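These figures come from a predicted structure and were not determined experimentally.
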Amino acid sequence: MKKLGINLLVFFLSVVLCPPGLWAGDVPTHAKPKSVVTQTAPEVVMTQKSSDVLVQAQELMDLMQAQELVETEGFEIFKKVLDLSTEVIKKDPNSFEANAMAAKACWFYGMYAQELYLEDWKDICRLYGKKGMAYAEKAIAFNSKRVEGHFWYGMNVGIYSDSVNIISALVEGLKGKAQNSFETAYTYDKYYDHGGPIAALGRFWAILPWPLTDNELAMKYYQEFYNTEFFGLPYTVQFHVYYAELLMKSSSTESEAKVLLEQVPKISKNKYWNAQAKALLEDM
């Protein structure tokens, strides 16, 4: 079944991304990268309206998020989403939608590089984290009352910090910017992207180094996310790992952490997060 799903995904990708003259084509969307090398999809010819191209990019993103694949196909699709978005930006630099979409695609591209254990994932996260921050800043400048720019700015700070280490990110002054972005996103729409702003704020306060870390505040946000409809979905499986890490800091809540970690392989086939959960269980 999985192989069939991948083949269908590749078929859909070839149809959607082919230029109109090539085969009456269109595009696929949201999945997660593994390790299967596929042919590079044809370049997209920008003969469509910008709005149509963005709809195409969003359909790709939605498809990827609906899949449970961690495959090279998914990794490449996010690059295609970024290409589509940047082509629109070239035609319309002031497009909020295109800049927000580009920021989102940058984060997914970097995150999937980590999940695929690519040798150059740090280089990818450093480069695309910076690009993502820049696109997000433009989106905020064009419409500061929308959640997207704020949320994806903070998320791109996250992958950038993963590549250079959190101390370096703090030295660059990114702590205050990320905090402000997540808090603003939380205020505007805390349920955006499957409750992303809630979980992100919890993670933010949990991973800061002492004396900046605030486990009590992190726990507050984690418990809030735990009680949302998004807890337990394959797309948010990393939350189980993050929450368990915090619970493991106290012997009184270690049993709760174990339950969360044991649920990970039952929820998702994502190899990266399954490996993270297994490693934490072995450390107990």
Side-chain angles (χ1 to χ4, degrees), residues 32 78 103-137 140 149-186 190 192-193 195-225 236-250 253 257 260-261 264 270 272-273 275-280 283:
K32 298 194 175 182
F78 284 117
K104 181 177 181 178
C106 282
W107 180 80
F108 271 105
Y109 192 68
M111 189 63 190
Y112 275 29
Q114 292 187 55
E115 292 187 6
L116 282 172
Y117 299 102
L118 298 184
E119 290 184 7
D120 60 344
W121 74 264
K122 287 189 177 182
D123 293 333
I124 292 173
C125 284
R126 182 166 53 252
L127 175 61
Y128 285 90
K130 279 281 193 181
K131 286 185 176 183
M133 284 186 267
Y135 288 126
E137 285 181 323
I140 293 169
H150 299 286
F151 180 69
W152 294 113
Y153 180 86
M155 295 299 282
N156 277 290
V157 170
I159 61 167
Y160 176 76
S161 299
D162 288 343
S163 71
V164 300
N165 78 57
I166 197 166
I167 300 299
S168 296
L170 290 172
V171 171
E172 292 182 43
L174 293 175
K175 183 263 183 186
K177 292 181 178 180
Q179 180 182 343
N180 179 67
S181 291
F182 286 140
E183 289 177 346
T184 302
Y186 180 93
K190 65 182 180 180
Y192 171 72
D193 196 57
I198 306 172
L201 275 169
R203 183 63 173 167
F204 175 82
W205 289 111
I207 64 171
L208 287 172
W210 185 88
L212 299 174
T213 189
D214 190 329
N215 290 336
E216 187 175 328
L217 193 52
M219 184 65 73
K220 169 185 173 292
Y221 287 115
Y222 280 165
Q223 289 176 341
E224 181 179 1
F225 184 85
T236 63
V237 72
Q238 63 266 41
F239 173 78
H240 280 61
V241 176
Y242 295 155
Y243 193 14
E245 284 179 328
L246 185 57
L247 292 170
M248 286 173 64
K249 293 184 178 181
S250 171
T253 53
L260 285 171
L261 294 171
V264 171
N270 186 302
Y272 179 85
W273 293 111
Q276 298 299 309
K278 182 180 179 182
L280 289 175
D283 285 342

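- For the ring-ring contact (aromatic ring centres under 6.0 Å, His included) with Tyr221, the lone residue among Tyr243, Tyr242, Tyr186 that qualifies is Tyr186.
- Of the possible donor and acceptor atoms, one in the side chain of Ser163 sits under 3.5 Å from a partner among the backbone N and O of Tyr160.
- Of the possible polar contacts, none joining the Asp120 side chain to the Asp123 backbone as a donor-acceptor pair under 3.5 Å is found.
- Side chain of Asn156 to backbone of Ala103: a donor-acceptor contact under 3.5 angstrom is found.
- Ser181 places no side-chain N or O within 3.5 Å of a backbone atom of Phe151 that could act as its donor or acceptor partner.
- With sequence neighbours excluded, no residue forms a salt bridge (charged side-chain N to carboxylate O under 4.0 Å, His left out) with Glu183.
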| field | Residues Arg203, Glu245; criterion side chain to side chain contact (heavy atoms under 4.5 Å, CB included); working and verdict | value | CA-CA 10 Å; Arg203 183 63 173 167; Glu245 284 179 328; 2.8 Å; yes

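- Using the six-membered ring where Trp is involved, Phe108 and Trp152 have ring planes that are tilted, between 30° and 60° apart.
- Heavy atoms from other residues, nucleotides or ligands lying under 6.0 Å from NZ of Lys249 number more than 12.
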| request: Any chance you could lay out the salt bridge (charged side-chain N to carboxylate O under 4.0 Å, His left out) test for Lys130 and Glu172, step after step, and finish with the verdict? | output: CA-CA 12 Å; Lys130 279 281 193 181; Glu172 292 182 43; 3.7 Å; yes

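- Checked against the 6.0 Å centroid criterion, the rings of Phe239 and Tyr222 qualify as a close aromatic pair.
- Every residue meeting the side-chain contact (heavy atoms from CB on, under 4.5 Å) condition with Thr184, not counting sequence neighbours, appears here in chain and number order: His150, Asn180, Tyr188.
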| message | Between Leu208 and Ile166, is the side chain to side chain contact (heavy atoms under 4.5 Å, CB included) condition met? List the steps. | response | CA-CA 8 Å; Leu208 287 172; Ile166 197 166; 4.2 Å; yes

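- Residues Leu280 and Gln276 have side chains not in contact (no heavy-atom distance under 4.5 Å, counting atoms from C-beta outward).
- Although no hydrogens or angles enter the test, the distance criterion places no donor-acceptor pair under 3.5 Å between the side chain of Asp193 and the main chain of Gly196.
- Aromatic pair Tyr135/Tyr153: ring centres not closer than 6.0 Å.
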| field | Worked check of side chain to side chain contact (heavy atoms under 4.5 Å, CB included) between Leu247 and Leu260 | value | CA-CA 10 Å; Leu247 292 170; Leu260 285 171; 3.6 Å; yes

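- You'll find the side chain of Asp162 stays beyond 4.5 Å of the side chain of Lys122, heavy atoms only.
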| Can you list the steps and then say if Trp121 with Leu116 is a side chain to side chain contact (heavy atoms under 4.5 Å, CB included)? | CA-CA 8 Å; Trp121 74 264; Leu116 282 172; over 6 Å; no

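- Although no hydrogens or angles enter the test, the distance criterion places a donor-acceptor pair under 3.5 Å between the side chain of Ser168 and the main chain of Val164.
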